[in-house]
Every structure is written in C-alpha cells, then in structure tokens.
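Quick note: numbers below take in every heavy atom, side chains included, and nothing from hydrogens, waters or symmetry partners.
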Amino acid sequence: MAFAAFDLTGKVVLVTGGNSGIGFGFAEGCARAGADIAIWGTNVAKTEAAVERLSAHGTRVAGFAVSVDDEAAVADGFARTVDAFGRVDTCFANAGVIGGAASFMQLGLDEWRRVMAVNLDGAFLTLREAARHMTLRGGGGSLVVTASVAGLEGAARSEHYGASKGAVVSMMRGIAAELGRDGVRCNAVLPGWVESDMTGAIFANPRFQDKVLPRVPVRRWGRPEDFAGIAIYLASDASSFHTGDCIVIDGGYTIF
C-alpha cells in the first residue's frame with residue numbers, strides 16, 4: 001500500500017519556471033502524485049508544451065505568462081492562479097537565470113542586477129505573495145525556493161549567481177522562523193549539476209565534462225526527474241514538521 005501522506009489529490013501546486021528543467025521535474029512529480037498544477041514561465045511555447053505533457057497525468061494544469069522580476073506581474077499572476085484553482089497549497093519559487101563573467105573584476109553592475117532581479121527579487125516577490133495568500137486563507141502551506149550548491153561553495157566568475165542563491169537560503173530561514181506559527185513551512189532545495197536548457201552551454205564544454213564529472217560520486221549528471229520525489233515530499237503532509245532546511249540534491253558532489 002502506498003504511503004497515504006504522499007497523496008497530493010486535492011492540493012494545488014504552483015511552480016515558477018515550471019516549463020522546463022528542475023521546475024518541470026517538480027511539477028511532474030506533484031502531478032503524478034495527484035496535485036493540480038499551475039506553472040509560470042516567460043516562454044509561451046515552452047509553457048504550452050509543458051502544460052500538454054503534464055495534463056497527461058490526469059490532473060488540472062494551467063500555464064501563465066509571468067515575469068517574476070516584475071512586482072505587478074507577480075501579484076497579477078498569483079491572483080489569476082488563485083482565480084483558476086481556488087487556492088495554492090505549495091509554491092515552488094524556482095524561476096532563475098545563470099550568470100557568468102570573464103572575471104570578478106570584469107563583472108558589470110548591469111549583469112549583477114540582471115541575475116539578482118530574477119534569482120533573488122523574483123523569489124522574494126513570489127514567496128511573499130504566496131505567504132500572504134496562505135496566512136490570509138489559513139490552514140498553512142509549503143513554500144520552497146530553488147537555491148544551488150553554488151550558494152555554499154565558491155562560484156568563480158559567477159559570484160553574482162552564487163550570491164543570489166546564498167541570499168535566498170537566508171531569506172528562506174527567516175520565513176520559516178516567522179511563519180511557522182501560521183502553519184507555513186519554508187525550505188530550500190539546493191541542486192548540484194543538472195542537465196537542462198539553462199546549463200546546455202556549460203555541459204557542451206568537453207573540459208568541463210572531464211574535470212567535473214569525476215567529482216560526482218554517482219558518476220552522472222542530475223536530471224529534472226531527480227527532483228520529483230523531493231517535490232512530492234515537500235508538497236505533502238509528510239513534511240508538515242519539516243521547515244527551515246537546506247536539502248542538497250547533487251549526487252554527492254559537495255561531500256566528495
């Protein structure tokens with residue numbers, strides 16, 4: 001018999017950046033467990049394709065065009081999501097961008113702000129809207145932010161990306177401490193190296209493959225589907241006493 005606490009039937013899950021990569025892995029896991037799914041994205045074609053794939057699991061699915069770095073767009077997108085589904089029980093603040101520079105000394109302020117606007121400001125705006133909804137509605141809920149092992153380690157030539165991911169971890173802990181009394185829990189998922197559209201250019205570099213893969217104990221790169229299980233757990237009643245945590249999913253990369 002399946003563990004009943006993992007059954008997400010009747011729950012509504014929102015995933016930003018849910019049309020590909022880790023976000024799609026989150027969304028598909030929750031859909032397989034019975035949840036209704038709302039995904040936000042900026043690429044309409046990718047969102048429509050993701051909605052079609054997720055709908056095959058037999059739950060309600062809808063996609064919304066939302067730029068998470070725009071405060072008004074986030075508020076409007078959340079309102080449209082609630083109008084469509086009636087509520088949001090779990091919110092994955094997953095939308096993000098990567099960043100790079102020739103060196104830290106050459107990292108420009110515009111590039112710094114571009115990454116921070118999506119990875120930090122976007123997560124803040126999304127989680128704040130979800131927290132307002134959950135506390136006003138009552139009954140609690142689950143907030144999840146996608147950070148990165150780059151927030152724990154040195155991200156050479158990508159200091160702004162690492163800083164944005166370290167910042168969302170600190171924000172998550174504050175939310176967990178403040179809103180636990182309202183039944184709202186908040187956790188961070190910290191992926192390691194995962195094959196996706198966002199990391200395609202990095203993974204195409206043979207030198208990167210030769211140098212980094214041997215440092216992953218399971219000897220493979222992560223895949224979006226590797227994040228389905230943690231999504232189900234964090235959206236489920238099984239995690240009702242689990243908050244303020246950083247959950248590393250990296251094939252052992254950070255311990256080797």
Please table the atom pairs, donor to acceptor, closer than 3.5 Å between any side-chain atom in residues 53-64 and protein atoms at least two apart or in another chain.
| from | atom 1 | to | atom 2 | distance (Å) |
| --- | --- | --- | --- | --- |
| Ser55 | OG | Val51 | O | 2.7 |
| His57 | NE2 | Glu28 | OE2 | 3.0 |
| Thr59 | OG1 | Ala35 | O | 2.9 |
| Arg60 | NE | Asp36 | OD2 | 3.2 |
| Arg60 | NH1 | Ala84 | O | 3.3 |
| Arg60 | NH2 | Asp36 | OD2 | 3.2 |

Would Asp69 and Asp121 count as a side chain to side chain contact (heavy atoms under 4.5 Å, CB included) here? Give the steps. CA-CA 6 Å; Asp69 58 348; Asp121 296 351; 5.6 Å; no
Same apolar cluster (I L V M F W Y, side chains within < 4.5 Å links), Leu234/Phe3: yes
Give, for atom CG of Asn205 and atom NZ of Lys211, the distance between the pair rounded to the nearest 0.5 Å. 11.5 Å
Would you compute the distance between atom CG of Asp250 and atom CG of Leu190 and round it to the nearest 0.5 angstrom? 9.0 Å
With side chains defined as the heavy atoms from C-beta onward, is the minimum distance between Leu14 and Phe85 less than 4.5 Å? no
Partners of Ile202 by side-chain contact (heavy atoms from CB on, under 4.5 Å), sequence neighbours excluded? Ile98, Trp193, Phe208
Go through it in stages, so that I can follow the logic: the residues are Arg128 and Glu71, the test is salt bridge (Lys or Arg N to Asp or Glu O under 4.0 Å), and I'd like the CA-CA distance, side-chain angles, deciding distance and then a yes or no. CA-CA 10 Å; Arg128 186 184 65 177; Glu71 184 173 18; 2.7 Å; yes
What I'd like to find out is whether the side chain of Asp226 reaches to under 4.5 Å of the side chain of Val194, using heavy atoms alone. no
Which residues pass the side-chain hydrogen bond (donor to acceptor under 3.5 Å, both in side chains) test with Glu195, sequence neighbours left out? none
Got a donor-acceptor contact below 3.5 angstrom from the Asp7 side chain to the Thr9 backbone? yes
Side chain to side chain donor-acceptor pair (under 3.5 Å) contacts in which one or both residues fall within residues 178-191, not counting sequence neighbours: Arg185-Ser239
Looking at side-chain heavy atoms only, is the closest gap between Val248 and Val149 below 4.5 Å? yes
I need the minimum non-hydrogen distance between Val169 and Ala147, along with the two atoms involved. CG2-CB, 3.8 Å
Smallest heavy-atom separation, Thr243 atom then Ala176 atom, equals OG1-CB, 3.3 Å
d(Thr254 OG1, Leu152 CG) to nearest 0.5 Å is 7.0 Å
Among all residues two or more places apart in sequence or in another chain, which pass the salt bridge (charged side-chain N to carboxylate O under 4.0 Å, His left out) test with Arg173? none
For residues 86-94, which side-chain N or O atoms pair as donor and acceptor with protein atoms under 3.5 Å away, sequence neighbours left out?
| from | atom 1 | to | atom 2 | distance (Å) |
| --- | --- | --- | --- | --- |
| Arg87 | NE | Asp89 | OD1 | 2.8 |
| Arg87 | NE | Asp89 | OD2 | 3.3 |
| Arg87 | NH2 | Asp89 | OD1 | 2.8 |
| Asp89 | OD2 | Val12 | N | 2.8 |
| Asn94 | OD1 | Thr146 | OG1 | 2.9 |
| Asn94 | ND2 | Thr16 | O | 3.0 |
| Asn94 | ND2 | Gly17 | O | 3.2 |

Using a 6.0 Å cut-off, check whether atom CZ of Arg207 has over 12 heavy atoms from anything other than its own residue. no
What residues form a side-chain hydrogen bond (donor to acceptor under 3.5 Å, both in side chains) with Glu129, not counting sequence neighbours? none
So the side chain to side chain donor-acceptor pair (under 3.5 Å) pairs with at least one residue in residues 72-81 (sequence neighbours excluded) are Trp40-Thr81, Asp76-Arg80
Hey, are the side chains of Met134 and Leu143 touching, using non-hydrogen atoms and a 4.5 Å cut-off? yes
Compare every heavy atom of Thr42 with every heavy atom of Ser67, then report the nearest pair and how far apart it is. OG-CG2, 3.7 Å
Residues, nucleotides or ligands: over 12 heavy atoms within 6.0 Å of Arg220 CZ: yes
Could you tell me whether the side chain of Asp237 reaches within less than 4.5 Å of the side chain of Lys11, counting heavy atoms only? yes
Grab the two heavy atoms, one from Ala123 and one from Val168, that are nearest each other, plus how far apart they are. CB-CG1, 4.0 Å
Kindly write out the residues that satisfy salt bridge (charged side-chain N to carboxylate O under 4.0 Å, His left out) with Arg114, not counting sequence neighbours, or none if the list is empty. Glu111
Strictly by ring-ring contact (aromatic ring centres under 6.0 Å, His included), give each pair with a member in residues 101-134 just once, sequence neighbours left out. Phe78-His133
After noting the C-alpha distance and the side-chain angles of Phe26 and Val13, does the key distance pass the side chain to side chain contact (heavy atoms under 4.5 Å, CB included) rule? CA-CA 9 Å; Phe26 287 152; Val13 173; over 6 Å; no
Closest non-hydrogen atoms of Ser236 and Ala5, given as atom of the first, atom of the second and distance, are CB-O, 3.2 Å
Check Asn119, Leu120, Val115, Leu109 against His160 for a side chain to side chain contact (heavy atoms under 4.5 Å, CB included) and give me the one that passes. Val115
Any side-chain heavy-atom pair of Cys246 and Met172 under 4.5 Å: yes
Does Phe256 have any ring-ring contact (aromatic ring centres under 6.0 Å, His included) partners at least two apart in sequence or in another chain, and if so, which? none
Without swapping roles, check the side chain of Gln209 against the backbone of Phe203 for a donor-acceptor pair under 3.5 Å. yes
Grab the two heavy atoms, one from Thr135 and one from Arg132, that are nearest each other, plus how far apart they are. OG1-O, 3.3 Å
Among residues at least two apart in sequence or on other chains, which ones pass salt bridge (charged side-chain N to carboxylate O under 4.0 Å, His left out) with Lys165? none
Is any side-chain heavy atom of Val68 closer than 4.5 Å to one of Leu125? no
Any donor-acceptor pair under 3.5 Å from Ser164 side chain to Met116 backbone: no
Can you tell if the side chain of Ser196 reaches within under 4.5 Å of the side chain of Ile22, non-hydrogen atoms only? no
Rounded to the nearest 0.5 angstrom, the SG-CG distance for Cys186 and Leu127 is 5.5 Å
